[in-house]
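Here is the naming used below: chain letters follow the sequence lines, and residue numbers restart at 1 for every chain.
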Number of protein chains: 2
Amino acid sequence: MSEKSLNFFGDAENCPVRNVMDRFGDKWSTLVLLLLEDQGVMRFNELHKTIKSVSQKMLSVTLKSLEADGLILRKQYPEIPPRVEYRLSERGQSLIPHIQSLVAWANQHMPEIKKSRASYSS
Amino acid sequence: MSEKSLNFFGDAENCPVRNVMDRFGDKWSTLVLLLLEDQGVMRFNELHKTIKSVSQKMLSVTLKSLEADGLILRKQYPEIPPRVEYRLSERGQSLIPHIQSLVAWANQHMPEIKKSRASYSS
DNA sequence: CAGGATCCAAAAAGATACTG
DNA sequence: CAGTATCTTTTTGGATCCTG
(Lines give C-alpha, C1' and ligand atoms only; values in the text may rest on other atoms or scores of the structure.)
Protein backbone atom coordinates (compact mmCIF):
# COMPACT_ATOMS: atom_id res chain seq x y z
CA MET A 1 0.00 0.00 0.00
CA SER A 2 2.88 2.27 0.76
CA GLU A 3 4.23 2.66 -2.74
CA LYS A 4 0.98 3.29 -4.42
CA SER A 5 -0.77 5.39 -1.84
CA LEU A 6 2.02 7.89 -1.73
CA ASN A 7 1.15 9.16 -5.15
CA PHE A 8 -2.12 10.38 -3.76
CA PHE A 9 -0.62 12.78 -1.31
CA GLY A 10 0.95 14.81 -4.02
CA ASP A 11 -1.82 15.59 -6.41
CA ALA A 12 -4.87 17.37 -5.22
CA GLU A 13 -7.71 16.07 -7.37
CA ASN A 14 -7.35 12.33 -6.95
CA CYS A 15 -6.40 12.26 -3.31
CA PRO A 16 -8.98 10.15 -1.48
CA VAL A 17 -8.22 11.82 1.81
CA ARG A 18 -8.89 15.18 0.29
CA ASN A 19 -12.10 13.89 -1.22
CA VAL A 20 -13.30 12.90 2.22
CA MET A 21 -12.42 16.11 3.93
CA ASP A 22 -13.71 18.29 1.14
CA ARG A 23 -17.03 16.58 1.54
CA PHE A 24 -17.37 16.21 5.30
CA GLY A 25 -14.98 18.78 6.63
CA ASP A 26 -17.60 21.48 6.59
CA LYS A 27 -19.34 22.71 9.65
CA TRP A 28 -22.74 21.06 9.46
CA SER A 29 -22.85 18.01 7.18
CA THR A 30 -21.91 15.34 9.68
CA LEU A 31 -24.14 16.90 12.30
CA VAL A 32 -27.14 16.73 9.99
CA LEU A 33 -26.38 13.15 9.00
CA LEU A 34 -26.13 11.96 12.58
CA LEU A 35 -29.24 13.84 13.56
CA LEU A 36 -31.23 12.24 10.77
CA GLU A 37 -29.86 8.86 11.76
CA ASP A 38 -31.06 9.53 15.27
CA GLN A 39 -34.46 10.95 14.40
CA GLY A 40 -35.39 9.21 11.18
CA VAL A 41 -37.46 11.83 9.38
CA MET A 42 -37.29 15.54 9.99
CA ARG A 43 -38.69 18.71 8.52
CA PHE A 44 -36.67 21.78 7.74
CA ASN A 45 -37.71 23.74 10.81
CA GLU A 46 -37.27 20.74 13.04
CA LEU A 47 -33.67 20.51 11.98
CA HIS A 48 -33.29 24.22 12.43
CA LYS A 49 -34.66 24.16 15.96
CA THR A 50 -32.62 21.16 16.98
CA ILE A 51 -29.33 22.51 15.67
CA LYS A 52 -29.90 25.86 17.26
CA SER A 53 -26.69 27.49 16.14
CA VAL A 54 -27.07 26.88 12.44
CA SER A 55 -28.35 29.69 10.30
CA GLN A 56 -31.24 29.18 7.94
CA LYS A 57 -28.96 29.74 5.02
CA MET A 58 -26.27 27.28 6.07
CA LEU A 59 -28.83 24.61 6.85
CA SER A 60 -30.29 25.08 3.41
CA VAL A 61 -26.89 24.92 1.74
CA THR A 62 -25.93 21.84 3.74
CA LEU A 63 -29.14 19.99 2.94
CA LYS A 64 -28.84 20.75 -0.74
CA SER A 65 -25.31 19.47 -1.01
CA LEU A 66 -26.12 16.34 0.97
CA GLU A 67 -29.08 15.75 -1.31
CA ALA A 68 -26.97 16.40 -4.39
CA ASP A 69 -24.54 13.74 -3.25
CA GLY A 70 -27.34 11.28 -2.64
CA LEU A 71 -26.70 11.04 1.08
CA ILE A 72 -30.12 12.27 2.11
CA LEU A 73 -33.55 12.16 0.50
CA ARG A 74 -35.88 15.13 0.23
CA LYS A 75 -39.61 14.67 -0.03
CA GLN A 76 -41.85 17.62 -0.73
CA TYR A 77 -45.60 17.52 -0.20
CA PRO A 78 -47.77 19.68 -2.45
CA GLU A 79 -49.54 21.42 0.40
CA ILE A 80 -49.96 24.94 1.66
CA PRO A 81 -48.16 25.72 3.83
CA PRO A 82 -45.47 23.56 2.27
CA ARG A 83 -44.07 20.51 4.01
CA VAL A 84 -40.68 19.01 3.28
CA GLU A 85 -39.21 15.95 4.90
CA TYR A 86 -35.61 14.86 5.01
CA ARG A 87 -34.18 11.46 5.79
CA LEU A 88 -31.07 9.43 5.16
CA SER A 89 -30.67 7.54 1.93
CA GLU A 90 -29.15 4.07 1.93
CA ARG A 91 -25.88 5.60 0.91
CA GLY A 92 -26.10 7.99 3.81
CA GLN A 93 -26.92 5.11 6.14
CA SER A 94 -23.82 3.26 5.04
CA LEU A 95 -21.68 6.21 6.03
CA ILE A 96 -23.03 6.59 9.54
CA PRO A 97 -21.01 3.85 11.28
CA HIS A 98 -17.76 5.38 10.07
CA ILE A 99 -18.67 8.80 11.39
CA GLN A 100 -19.81 7.30 14.65
CA SER A 101 -16.56 5.45 15.14
CA LEU A 102 -14.71 8.71 14.69
CA VAL A 103 -17.00 10.48 17.14
CA ALA A 104 -16.57 7.65 19.62
CA TRP A 105 -12.82 8.01 19.38
CA ALA A 106 -13.15 11.72 19.95
CA ASN A 107 -15.38 11.31 22.97
CA GLN A 108 -12.86 8.96 24.44
CA HIS A 109 -9.78 11.05 23.79
CA MET A 110 -10.97 14.62 23.85
CA PRO A 111 -10.34 15.15 27.57
CA GLU A 112 -6.71 14.16 27.17
CA ILE A 113 -6.39 16.19 24.01
CA LYS A 114 -7.70 19.25 25.77
CA LYS A 115 -5.24 18.74 28.56
CA SER A 116 -2.41 18.43 26.08
CA ARG A 117 -3.53 21.52 24.27
CA ALA A 118 -3.80 23.52 27.47
CA SER A 119 -0.32 22.64 28.64
CA TYR A 120 1.26 23.20 25.25
CA SER A 121 3.49 26.21 24.98
CA SER A 122 5.83 27.58 22.33
CA MET B 1 -28.74 7.12 23.16
CA SER B 2 -31.38 9.11 21.40
CA GLU B 3 -32.60 11.17 24.32
CA LYS B 4 -29.26 12.10 25.63
CA SER B 5 -27.36 12.64 22.43
CA LEU B 6 -29.86 15.15 21.21
CA ASN B 7 -28.74 17.68 23.75
CA PHE B 8 -25.40 17.78 22.05
CA PHE B 9 -26.70 19.01 18.75
CA GLY B 10 -27.95 22.19 20.28
CA ASP B 11 -25.01 23.62 22.13
CA ALA B 12 -21.83 24.33 20.30
CA GLU B 13 -19.07 23.77 22.87
CA ASN B 14 -19.92 20.33 24.15
CA CYS B 15 -20.99 18.77 20.89
CA PRO B 16 -18.75 15.77 20.23
CA VAL B 17 -19.42 15.89 16.54
CA ARG B 18 -18.34 19.49 16.43
CA ASN B 19 -15.25 18.63 18.42
CA VAL B 20 -14.28 16.09 15.81
CA MET B 21 -14.85 18.28 12.83
CA ASP B 22 -13.24 21.31 14.38
CA ARG B 23 -10.16 19.24 14.88
CA PHE B 24 -9.96 17.23 11.67
CA GLY B 25 -12.07 19.21 9.27
CA ASP B 26 -9.15 21.34 8.25
CA LYS B 27 -7.31 20.93 4.99
CA TRP B 28 -4.14 19.12 6.01
CA SER B 29 -4.35 17.38 9.39
CA THR B 30 -5.66 14.01 8.26
CA LEU B 31 -3.31 14.02 5.33
CA VAL B 32 -0.29 14.53 7.57
CA LEU B 33 -1.45 11.86 10.00
CA LEU B 34 -1.91 9.25 7.28
CA LEU B 35 1.37 10.16 5.69
CA LEU B 36 3.25 9.72 8.96
CA GLU B 37 1.45 6.44 9.49
CA ASP B 38 2.67 5.37 6.09
CA GLN B 39 6.21 6.63 6.38
CA GLY B 40 7.00 6.40 10.05
CA VAL B 41 9.40 9.27 10.61
CA MET B 42 9.66 12.34 8.44
CA ARG B 43 11.43 15.66 8.46
CA PHE B 44 9.80 18.96 7.72
CA ASN B 45 11.02 19.26 4.17
CA GLU B 46 10.19 15.66 3.44
CA LEU B 47 6.59 16.33 4.37
CA HIS B 48 6.65 19.49 2.34
CA LYS B 49 7.92 17.74 -0.74
CA THR B 50 5.53 14.83 -0.44
CA ILE B 51 2.45 16.96 0.05
CA LYS B 52 3.36 19.21 -2.82
CA SER B 53 0.41 21.52 -2.65
CA VAL B 54 0.77 22.54 0.97
CA SER B 55 2.41 25.86 1.73
CA GLN B 56 5.24 26.13 4.20
CA LYS B 57 3.08 28.11 6.56
CA MET B 58 0.13 25.75 6.54
CA LEU B 59 2.37 22.75 7.04
CA SER B 60 3.91 24.49 10.01
CA VAL B 61 0.54 25.46 11.46
CA THR B 62 -0.80 21.95 10.96
CA LEU B 63 2.19 20.28 12.57
CA LYS B 64 2.05 22.59 15.56
CA SER B 65 -1.60 21.96 16.24
CA LEU B 66 -1.18 18.23 15.84
CA GLU B 67 1.73 18.35 18.25
CA ALA B 68 -0.23 20.51 20.68
CA ASP B 69 -2.98 17.91 20.71
CA GLY B 70 -0.49 15.14 21.32
CA LEU B 71 -1.22 13.38 18.06
CA ILE B 72 2.29 13.64 16.71
CA LEU B 73 5.72 13.86 18.30
CA ARG B 74 8.37 16.36 17.35
CA LYS B 75 12.03 15.63 17.92
CA GLN B 76 14.59 18.31 17.37
CA TYR B 77 18.30 17.57 17.05
CA PRO B 78 20.77 20.20 18.24
CA GLU B 79 22.66 20.36 14.98
CA ILE B 80 23.47 22.91 12.39
CA PRO B 81 21.74 22.92 10.04
CA PRO B 82 18.83 21.92 12.27
CA ARG B 83 17.06 18.62 11.94
CA VAL B 84 13.53 17.97 13.10
CA GLU B 85 11.69 14.70 12.91
CA TYR B 86 7.99 14.08 13.15
CA ARG B 87 6.17 10.85 13.87
CA LEU B 88 2.84 9.66 15.20
CA SER B 89 2.27 9.43 18.93
CA GLU B 90 0.37 6.50 20.39
CA ARG B 91 -2.68 8.69 20.53
CA GLY B 92 -2.23 9.53 16.90
CA GLN B 93 -1.79 5.85 16.07
CA SER B 94 -5.07 5.03 17.77
CA LEU B 95 -6.86 7.48 15.53
CA ILE B 96 -5.56 6.14 12.24
CA PRO B 97 -7.94 3.18 11.80
CA HIS B 98 -10.95 5.44 12.12
CA ILE B 99 -9.68 7.82 9.50
CA GLN B 100 -8.81 4.93 7.25
CA SER B 101 -12.27 3.46 7.50
CA LEU B 102 -13.72 6.77 6.45
CA VAL B 103 -11.33 7.02 3.55
CA ALA B 104 -12.14 3.47 2.52
CA TRP B 105 -15.82 4.33 2.49
CA ALA B 106 -15.08 7.37 0.37
CA ASN B 107 -12.99 5.42 -2.11
CA GLN B 108 -15.81 2.97 -2.48
CA HIS B 109 -18.63 5.47 -2.88
CA MET B 110 -17.03 8.51 -4.44
CA PRO B 111 -17.70 7.44 -8.05
CA GLU B 112 -21.42 7.16 -7.33
CA ILE B 113 -21.42 10.38 -5.37
CA LYS B 114 -19.83 12.20 -8.26
CA LYS B 115 -22.41 10.79 -10.61
CA SER B 116 -25.19 11.94 -8.29
CA ARG B 117 -23.69 15.37 -8.01
CA ALA B 118 -23.29 15.72 -11.76
CA SER B 119 -26.90 14.83 -12.49
CA TYR B 120 -28.29 16.98 -9.70
CA SER B 121 -30.18 20.03 -10.82
CA SER B 122 -32.32 22.65 -9.12
C1' DC C 1 16.98 23.37 7.39
C1' DA C 2 13.04 24.55 9.76
C1' DG C 3 10.50 27.60 10.52
C1' DG C 4 8.32 32.74 12.06
C1' DA C 5 6.19 37.20 10.64
C1' DT C 6 3.54 39.86 7.70
C1' DC C 7 0.32 40.89 4.30
C1' DC C 8 -3.31 39.56 1.10
C1' DA C 9 -6.86 36.65 -1.42
C1' DA C 10 -10.45 33.41 -1.23
C1' DA C 11 -13.80 30.77 0.90
C1' DA C 12 -16.94 29.75 4.39
C1' DA C 13 -20.27 31.29 7.44
C1' DG C 14 -23.64 34.59 9.49
C1' DA C 15 -27.34 38.47 9.62
C1' DT C 16 -31.07 40.27 7.62
C1' DA C 17 -34.81 40.93 4.60
C1' DC C 18 -37.86 38.97 1.50
C1' DT C 19 -41.03 35.35 -1.19
C1' DG C 20 -44.24 31.45 -3.21
C1' DC D 1 -43.27 26.66 6.08
C1' DA D 2 -39.38 26.34 3.61
C1' DG D 3 -36.71 28.36 1.70
C1' DT D 4 -33.81 32.54 -1.63
C1' DA D 5 -31.14 36.78 -2.26
C1' DT D 6 -28.00 40.00 -0.75
C1' DC D 7 -24.62 41.85 2.10
C1' DT D 8 -21.13 41.67 5.70
C1' DT D 9 -18.08 39.30 8.76
C1' DT D 10 -15.07 35.69 9.94
C1' DT D 11 -12.09 32.08 8.96
C1' DT D 12 -8.80 29.83 6.23
C1' DG D 13 -5.23 29.45 3.26
C1' DG D 14 -1.41 31.24 0.35
C1' DA D 15 2.76 34.35 -1.16
C1' DT D 16 6.63 36.44 0.16
C1' DC D 17 10.35 37.82 2.89
C1' DC D 18 13.16 37.05 6.93
C1' DT D 19 16.12 34.44 10.60
C1' DG D 20 18.84 31.27 14.06
Side-chain angles (χ1 to χ4, degrees), chain A residues 9-10 12-13 15 17-18 21-32 35-36 39 41-68 72-87 120-122, chain B residues 9-13 15 17-19 21-32 35-36 39 41-68 72-87 120-122:
Chain A
F9 293 106
E13 301 311 308
C15 173
V17 186
R18 177 60 44 73
M21 297 322 288
D22 281 357
R23 185 61 199 78
F24 305 110
D26 72 298
K27 206 168 174 181
W28 307 109
S29 287
T30 54
L31 212 47
V32 167
L35 184 51
L36 289 178
Q39 296 294 91
V41 177
M42 292 184 85
R43 299 176 63 170
F44 186 89
N45 273 356
E46 267 186 289
L47 287 158
H48 195 191
K49 280 171 201 160
T50 306
I51 309 175
K52 298 190 200 71
S53 45
V54 73
S55 69
Q56 203 172 31
K57 174 192 154 185
M58 287 315 298
L59 180 56
S60 173
V61 167
T62 302
L63 290 169
K64 273 174 90 168
S65 77
L66 289 173
E67 191 202 356
I72 66 175
L73 300 172
R74 178 183 186 276
K75 184 165 186 182
Q76 179 171 3
Y77 296 87
E79 306 172 357
I80 291 177
R83 181 157 59 105
V84 177
E85 290 179 348
Y86 294 93
R87 60 189 174 86
Y120 179 81
S121 49
S122 160
Chain B
F9 292 105
D11 64 345
E13 302 311 309
C15 173
V17 186
R18 177 60 45 73
N19 282 338
M21 297 322 287
D22 281 356
R23 185 62 199 78
F24 305 110
D26 71 300
K27 206 168 173 181
W28 307 109
S29 288
T30 54
L31 211 47
V32 167
L35 183 51
L36 288 178
Q39 296 294 89
V41 178
M42 292 185 85
R43 299 178 61 171
F44 187 88
N45 273 356
E46 267 186 289
L47 287 158
H48 196 191
K49 280 171 201 160
T50 306
I51 309 175
K52 298 191 200 71
S53 45
V54 73
S55 69
Q56 201 173 33
K57 173 191 158 186
M58 288 316 298
L59 181 55
S60 173
V61 167
T62 302
L63 289 169
K64 273 175 91 168
S65 78
L66 289 174
E67 191 202 355
I72 66 175
L73 300 172
R74 179 182 186 274
K75 185 166 185 182
Q76 180 171 3
Y77 296 87
E79 305 173 0
I80 290 178
R83 181 158 58 105
V84 177
E85 290 180 348
Y86 294 93
R87 60 190 173 88
Y120 178 81
S121 49
S122 161

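Note: CD (B:Q76) to C1' (C:dA2) measures 8 Å, nearest angstrom. Atom NZ of B:K64 is separated from atom C1' of C:dA5 by 11 Å (rounded to the nearest Å). In this entry the distance linking CD1 of B:I72 with C1' of C:dA2 reads 14 Å, nearest Å. If you take CZ of A:F44 and C1' of C:dT19, they are 14 Å apart, rounded to a whole angstrom. Between A:L59 atom CG and C:dA12 atom P there is a gap of 17 Å when expressed in whole angstrom units.
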Enumerate all atom pairs, one protein N or O and one N or O from nucleotides 14-17 of chain C, separated by less than 3.5 Å.
unit_1, atom_1, unit_2, atom_2, d
C:dG14, OP1, A:K27, NZ, 2.8
C:dG14, OP2, A:W28, NE1, 3.4
C:dG14, N7, A:K57, NZ, 3.4
C:dG14, O6, A:K57, NZ, 2.5

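Among all heavy-atom pairs drawn from B:K52 and B:K49, the shortest one is CG-O, 3.3 Å. Heavy-atom minimum distance, B:Y120 versus A:E67: OH-OE1, 3.0 Å. The two residues B:L63 and B:F44 make their nearest non-hydrogen contact at CD1-CD1, 3.7 Å. Considering all non-hydrogen atoms of both residues, A:V54 and A:H48 come closest at O-NE2, 3.1 Å. When all heavy atoms are compared, the tightest approach of B:Y86 to B:I72 is CD2-CD1, 3.8 Å.
Atom CZ of residue B:R87 and atom CG of residue B:L73 lie 5.0 Å apart, to the nearest 0.5 angstrom. Atom CZ of A:R18 sits about 6.0 Å away from atom NZ of B:K27, to the nearest 0.5 Å.
Residue B:Y86 places at least one side-chain N or O under 4.0 Å from the OP1 or OP2 atom of C:dG3.
For the segment residues 77-85 of chain A, the set of residues with a heavy atom within less than 4.0 Å of an atom of DNA chain D comprises A:P81, A:P82, A:R83, A:V84, in numerical order.
Residues forming a side chain to side chain contact (heavy atoms under 4.5 Å, CB included) with B:R43 (at least two apart in sequence, or on another chain): B:E46, B:R83, B:E85. With sequence neighbours excluded, the residues satisfying side chain to side chain contact (heavy atoms under 4.5 Å, CB included) with B:K57 are B:S55, B:V61. Looking at residues two or more places apart in sequence or on another chain, you find a side chain to side chain contact (heavy atoms under 4.5 Å, CB included) between A:T62 and A:D26, A:W28, A:S29, A:V32, A:L66.
Between chain B and DNA chain D, the heavy-atom contact criterion of under 4.0 Å yields a 5' to 3' nucleotide range of D:dG13 to D:dG20.
For the residue pair B:R23 and B:S65, a side-chain donor N or O sits within less than 3.5 Å of a side-chain acceptor on the partner.
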